[in-house]
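Scroll down for the structure; my scribbles are underneath it.
Each chain gets a letter, A, B and so on, in the order the sequences are listed, and its residues count up from 1. Since this is a predicted model, take the numbers as computed values, not measurements.
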Amino acid sequence: MSSYDLLNPEQKEAVLHTEGPLLILAGAGSGKTRVLTHRVAYLIEQGTAPWNILAITFTNKAAGEMRERVDKLVGLGSDSIWVSTFHSTCVRILRRYIDRLGFDTSFSIYDTDDQKSVMKEVCKKLQIDTKVYRERMLLGAISHAKDELISPEQMRLDAGADWNQQKIAGVYAEYQAQLRKNNALDFDDLIMKTVELFRNCPDVLDYYQERFRYIMVDEYQDTNTAQFQLVSLLAAKYRNLCVVGDDDQSIYRFRGANIMNILNFEQVFPDAKVIKLEQNYRSTSNILNAANEVIHHNQGRKDKRLWTDNGTGVPVRFRQFQNAFEEAEHVVGNIVSHIQKEEAEYKDHAILYRTNAQSRLFEEKLIYANIPYKIIGGVNFYARKEIKDLLAYLKTVDNGRDEVAVRRIINVPKRGIGATTLSRVGEFAVANDMGFYEALLNAEEIPGIGRGASKVLPFTALIQTLRAKQEYAKVSELLETILEETGYRRELILEGTDESEARLENIDELMSKVKDYDENAENPSLSGFLEEVALVADIDNLEEESNHVVLMTLHSAKGLEFPYVYMVGMEDGLFPSYMSIVADNPQEEIEEERRLCYVGITRAKKELTLTAARQRMVRGEIQYNMVSRFVKEIPDEYLENKTENPGQRAKEAKEQRINQRKQAMLEARRSLRAKPIQSKMVAATKASHLDYGVGDRVKHIRFGEGTVLEITEGAKDYEVRVNFDTAGVKKLFASFAKLQKIY
DNA sequence: GGTTGGAAACTTTTT
DNA sequence: GTTTCCAACC
């Protein structure tokens with residue numbers, strides 16, 4: 001028996017169809033990764049050289065998973081198959097050939113933060129009123145143009161007499177000029193410049209066309225025009241292009257994804273073979289039917305209906321609550337009961353929401369319930385201030401032309417270099433046609449800089465030392481030097497606040513990532529490390545092995561699956577979002593939200609719970625929301641709706657309020673009564689109350705094990721100071737931290 | 001040049 | 001409710 005016998009007929013057909021264009025319409029949970037990996041294995045079995053295969057995904061996580069599975073199937077030679085994301089593929093190509101476009105191959109990659117800094121400069125230079133033209137709006141317009149491969153010149157032409165558009169085109173042109181000056185590319189440039197390279201240099205294109213004779217693209221519905229062009233160019237010679245996607249899971253239109261890429265694939269490649277994978281191996285039929293019904297409300301999609309022989313399962317549950325607190329409590333309570341009944345582990349549960357802001361309440365309840373959790377998204381690790389500062393040092397060492405990086409750190413930690421000095425340096429640099437850092441090196445010659453020069457000197461000396469050191473030192477050694485020589489670490493230790501401790505922890509984490517890179521990378525180098533770091537998304541850090549409840553946005557959840565899924569905040573105005581309801585083209589926008597809902601539902605394997613709150617705090621104001629229209633689109637036969645009739649509901653709510661007041665009163669009395677006793681026999685009460693004392697070893701859910709240093713009595717609670725083995729000294733409230741004594 | 005406090009903006013989603 | 005920005009002060 002060969003391994004292909006485990007595939008269903010459609011999957012098998014997709015695997016065996018290797019020549020010519022192929023579109024695989026793969027519904028959620030239909031085993032597309034399996035098809036892709038087997039397809040790679042089959043190609044190699046048929047005699048294709050591993051280095052002639054390119055598989056492109058969107059996230060590093062997806063790439064890593066595919067790589068792992070391919071390795072298992074193929075074995076020898078599998079490392080010469082390119083399995084990588086759009087962005088890293090492009091970086092790899094550009095690092096080799098971007099000098100053809102007038103950039104240096106050691107270019108920096110700018111993230112959103114860096115882009116903002118550049119845009120600020122641009123607006124200052126062009127005297128743009130940022131009250132009228134918001135930086136965010138300008139960057140958005142530029143990004144959108146790049147997704148569509150529109151150059152500044154083209155934008156200017158397209159603008160015609162539209163003065164507003166003309167202005168934006170001007171900003172775009174200057175922004176590109178700044179990036180070039182800094183020898184930097186932003187995210188969108190990575191794709192666009194690669195296309196430009198291919199168009200301008202036929203020899204380079206030909207090299208890669210020969211190299212990648214078989215190309216596969218995952219999550220094809222999320223590709224934008226630039227990515228489509230890139231893939232088309234690469235595949236133009238051999239035409240062995242296999243794309244896998246699901247138009248119903250297209251949720252990145254706001255980021256420029258062009259759904260037409262998948263809907264029109266057959267028009268662009270008339271000889272394309274189309275295979276539909278409609279058997280779902282993931283969910284119960286109740287969950288799947290609910291998903292089918294919801295997505296059926298969309299127009300303009302390729303018709304398909306997923307089916308499964310997994311059995312009916314339990315109905316989808318819907319619960320509406322008085323407020324977001326009760327909603328969070330219910331979800332967490334539900335998870336706790338699964339754990340207690342030993343039906344499931346923490347990692348079997350995912351809480352999915354529309355906006356990152358919704359995570360906080362769940363986080364609080366989970367801490368309170370002592371449940372380990374992991375939040376994906378929000379602020380990217382590499383976007384944190386201290387991390388960005390340190391990376392800016394490394395970038396300055398790596399790419400001397402990266403002005404954004406230099407400006408970021410020239411006065412961090414404080415060296416007494418202020419705005420006046422900086423603008424003098426800037427003027428000098430422009431006047432002498434040199435880079436900003438170059439000007440700093442010549443600080444003593446800059447007129448009117450006065451004492452400033454003596455402050456700049458130690459900084460440039462450090463950078464020069466690091467540059468020399470870079471030749472032979474590991475990246476971790478460079479970072480260590482930076483931390484020591486600049487006093488960055490010392491400053492944070494001296495500060496001694498909770499915040500500075502958190503920053504120090506993050507720095508330790510960065511250090512361990514650097515060390516990991518030093519040891520495990522094939523050819524470790526400073527540029528290599530910075531590149532890797534620039535292209536990671538938060539989702540890439542989700543490890544299957546660790547046992548956590550996972551919290552994330554519906555967007556981040558695409559491609560994942562969990563036995564128990566909670567979709568929370570199912571309210572009109574939140575999901576679908578208010579923005580989509582009041583948009584110029586609500587139909588289209590709401591269809592995108594509906595696809596997002598479809599993605600969410602189809603993440604669930606065993607049980608799906610939908611929740612909503614009648615009132616919730618949004619931006620400090622109470623909002624009253626109706627139940628999401630998407631919930632109403634699920635027929636009753638698949639839904640267990642335990643929302644009572646209004647009369648009953650009001651009555652229960654009233655009872656609940658009365659109960660809550662009673663509870664509050666009891667609590668107040670208890671604390672009043674407890675107080676005097678505590679103050680009389682402090683030690684005794686503490687021992688019985690906290691069951692640990694000074695000197696005891698305790699365990700905390702997040703910080704691990706540690707020793708109790710001090711217990712102080714606060715107004716409402718005990719404040720415990722603990723020296724944790726790994727996390728350092730922390731002050732915690734006893735009732736919140738739920739410390740456990742270790743015997 | 002650095003610190004501080006109050007006002008304003010923000011929140012839809014991110015490689 | 002939180003973060004970011006800017007002006008007035010030190």
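The separation between A/M552 atom CE and B/dT13 atom P is 15 Å, rounded to whole Å. Atom C1' of nucleotide B/dT14 and atom CG of A/L535 are separated by 13 Å, given to the nearest angstrom. As rounded to whole Å, 11 Å separates atom P of C/dC5 from atom CZ of A/R134. Here the P atom of nucleotide B/dT14 and the CD atom of A/Q249 are 16 Å apart, to the nearest Å. Atom CG of A/L230 and atom C1' of B/dT15 are 14 Å apart (whole Å). For the pair A/K146 NZ and B/dT14 P, the interatomic distance rounds to 21 Å; values are reported in whole Å. For the pair A/E591 CD and B/dT13 P, the computed distance is 22 Å after rounding to whole Å. A straight line from CZ of A/F254 to P of B/dT15 spans 9 Å, rounded to a whole angstrom.
Contacts of A/S580 with the nucleic acid, taken as non-hydrogen atoms under 4.0 Å apart, are absent. The residue A/N356 sits close only to the backbone: its heavy atoms come under 4.0 Å of sugar-phosphate atoms, none of a base. Within 4.0 Å (heavy atoms only), A/T421 reaches sugar-phosphate atoms of the nucleic acid but no base atom. Residue-level contact check: A/D188 touches neither bases nor backbone, having no heavy atom under 4.0 Å from any strand. Contact annotation for A/E621: no contact, since no heavy-atom pair falls under 4.0 Å across all strands. As judged by a 4.0 angstrom heavy-atom cut-off over every strand, A/R136 is placed among residues touching the sugar-phosphate backbone only. Within the 4.0 angstrom heavy-atom criterion, no nucleotide atom of any strand lies near A/R253.
Nearest nucleotide to the A/T59 side chain, out of B/dT11, B/dT14, B/dT15: B/dT15. When distances run from any side-chain atom of A/T553 to the nucleotides C/dG1, B/dT13, B/dC10, the shortest one goes to B/dT13. Here the nucleotide nearest the side chain of A/A357, chosen from B/dT14, B/dT15, B/dT11, is B/dT11. Out of B/dT15, B/dT13, B/dG2, the shortest distance to the side chain of A/K414 is found at B/dG2. For A/F58, the listed nucleotide lying nearest its side chain is B/dT15; candidates were B/dT15, B/dG1, B/dT11. Which of B/dG2, B/dA9, C/dG1 sits closest to the side chain of A/R619 comes down to C/dG1. Of the listed nucleotides (B/dT13, B/dT15, B/dG1), B/dT15 has the atom at the smallest distance from the side chain of A/R255. Distance from the side chain of A/F187 is smallest for B/dT15 among the nucleotides B/dT15, B/dG2, C/dC5.
Phosphate proximity of B/dT14 to A/S556: present, with a side-chain N or O under 4.0 Å from OP1 or OP2. Between A/T112 and the phosphate of B/dT14, there is no side-chain N or O to OP1/OP2 separation shorter than 4.0 Å.
A donor atom on one side chain and an acceptor atom on the other are found under 3.5 Å apart for A/D186 and A/Y175. In summary, the side chains of A/Y598 and A/Q249 do not present any donor paired with an acceptor at a separation below 3.5 Å, with no hydrogens or angles considered.
A salt bridge does not link A/R301 to A/D247: none of the charged side-chain nitrogens sits closer than 4.0 Å to a carboxylate oxygen.
Sorted by first and then second residue, the pairs that involve residues 565-582 of chain A and meet salt bridge (Lys or Arg N to Asp or Glu O under 4.0 Å), not counting sequence neighbours, are A/E571-A/R616, A/D572-A/R629.
Residue side chain A/F86 fails the stacking definition with respect to B/dT15, as its ring centre and the base's six-membered ring centre are not both under 5.5 angstrom apart and under 30 degrees in plane angle.
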| said: Under the criterion side-chain contact (heavy atoms from CB on, under 4.5 Å), I'd like the reasoning laid out for A/R415 against A/T486: C-alpha separation, chi angles, the key distance, then a yes or no. | reply: CA-CA 10 Å; A/R415 298 186 175 88; A/T486 59; 3.9 Å; yes
| request: Could you walk me through whether A/T57 and A/D218 pass the side chain to side chain donor-acceptor pair (under 3.5 Å) test, one step at a time? | output: CA-CA 5 Å; A/T57 62; A/D218 194 12; over 6 Å; no
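Residues A/F265 and A/Y220 place their aromatic rings such that the two centres sit under 6.0 Å apart.
Residue order along DNA chain B, read from the 5' end via each residue's closest nucleotide, puts A/I417 first among A/I376 and A/I417.
For the C1' atom pair drawn from B/dT11 and C/dC6, the interatomic distance equals 22 Å after rounding to whole Å.
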